[in-house]
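All residue numbers refer to positions in the sequence shown, counting from 1.
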Amino acid sequence: MMLVGTAANRGQGRLTRRSVLRLAALAVPAVPVTLAGCVTGHDTRPDPLVPLARHAEFDAGAGYELAAPLTGTESEVATAVAEVRSRHEEVLRAEARRANRPEPEELPAPDPVTDLEGLGSRLETAISQIRDLVGEVSRHRAALLGTVAGGCAAALALHEHLGGPLTVEFTVRSLDLELAEASIRALREALAAEHAAIWSYDLIRAFLPGELTDMIDETIAEHRARRDGGRELLRAAGATTDPAEPAYHPPEPVTDEESAAMLAIIAERDTARAWRGLLERTDHGALRQFALQALLSSGTASTRWRSQVGAEPVAVALPGRP
């Protein structure tokens, strides 16, 4: 259930040593496929999702192999990464089968993984590959890739030896955007979700202990950056921006530490869904890259908050996917 505004008019961190992701890329229209008795205009280029699926398969295998000799937390973390990447392989291969495009040549297996840091490097490589590709695919595939990248970020946040939580940079260049109405609506929905998340964290702060203050501050800072970037993108498109509501109704009352952390999980879920929705409704490269950054941010924050309440799984494989 999403947070709901109460006004009458509803109108419309921390820097790791290896991981600051920056905006780039322009969208390239996908080649259409039409069905009319037989397939015409079928894309005969090798499917770029097949290598991503293969890499996910390699990562899953590496995680399971690494977990076997380990014990305790490190074994659990390696297994959790393997489960996330196994899910990624499943959805990527399903999409590749649906498209029925030629497969690229067989990929060589990467070097073996010997520790959690090496497994984390594999996750960062997957994010980088998706960032390079997300502007070149259909809307459906852009949304899929965004959730896969968000899952990689969620897995990275499981343990500091993997690389730890990503710090995602949100930068909007000065742009004159020509956006379809559907893209503008989706961007407004994402902005509304960010308004609700920021309000929620102000409430959450009142119920959580002081040792979580830094994590709350970092999370709010990223939501504010996403809010400000969303506003800037709307203005660049010549569209109006809606203000935040005076207050919002949490789906469940917030009365203690556990319910406060649960509200944080809901806020990350709702914002991830909203930014995935933008990927489904725009072809513009700058918007896609911004939405991808937001999914990375929400995937990271989701893991951090889910770990606070012992939610299972701790790392969501596909953040933003219904």
Original post:
Do Gln129 and His55 have a side chain donor and acceptor closer than 3.5 Å?
Top reply: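 Judged by distance alone, the side chains do pair up.
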**OP:** Answer with yes or no whether the side chains of Arg188 and Thr240 bring together a donor and an acceptor at under 3.5 Å.
**Re:** yes
**OP:** Using the test salt bridge (charged side-chain N to carboxylate O under 4.0 Å, His left out), find all partners of Asp217 that sit at least two apart in sequence or belong to another chain.
**Re:**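 For Asp217 the salt bridge (charged side-chain N to carboxylate O under 4.0 Å, His left out) partners, ignoring immediate neighbours, are Arg205.
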Subject >> Salt-bridge criterion met for Arg54 and Glu57 (N-O under 4.0 Å) >> reply: yes
Original post:
Under a 4.0 Å N-O cut-off, is there an ion pair linking Arg185 with Glu189?
Top reply: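 Glu189 and Arg185: not salt-bridged.
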Original post:
Which residues satisfy the ring pair (Phe, Tyr, Trp, His ring centres under 6.0 Å) test with His88, sequence neighbours excluded?
Top reply: none
Subject >> Residues, nucleotides or ligands: over 12 heavy atoms within 6.0 Å of Glu181 CD >> reply: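 Atom CD in Glu181 is packed in, count exceeds 12.
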**OP:** Show your reasoning for whether salt bridge (Lys or Arg N to Asp or Glu O under 4.0 Å) applies to Arg87 and Glu90.
**Re:** CA-CA 5 Å; Arg87 179 67 175 136; Glu90 178 185 340; 2.9 Å; yes
**OP:** Mind checking the CG-CD1 spacing from Leu296 to Ile130? Nearest 0.5 Å is all I need.
**Re:** 8.5 Å
Subject >> Over all atoms of both residues, closest heavy-atom pair of Gly120 and Leu156 >> reply: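 Scanning both residues completely, I find the closest heavy atoms to be O-CD2, 3.6 Å.
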Quick one: side chains of residues 76-84, donor-acceptor pairs under 3.5 Å with protein atoms, not counting sequence neighbours, listed by atom name and distance.
unit_1, atom_1, unit_2, atom_2, d
Thr79, OG1, Ser75, O, 2.9

If we ignore hydrogens and angles and just use 3.5 Å, is the side chain of [X] paired with the main-chain N or O of [Y] as donor and acceptor?
| X | Y | result |
| --- | --- | --- |
| Arg101 | Pro46 | yes |
| Ser128 | Glu124 | no |
| Thr282 | Leu278 | no |
| Arg306 | Pro313 | yes |
| Ser183 | Arg281 | yes |
| Ser259 | Val254 | no |
| Arg288 | Leu279 | no |
| Arg122 | Ala56 | no |
| His195 | Asp242 | yes |

**OP:** From the options Arg226, Gln293, Arg269, Glu222, select the one residue that forms a side chain to side chain donor-acceptor pair (under 3.5 Å) with Ser298.
**Re:**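 Exactly one pass, corresponding to Arg226.
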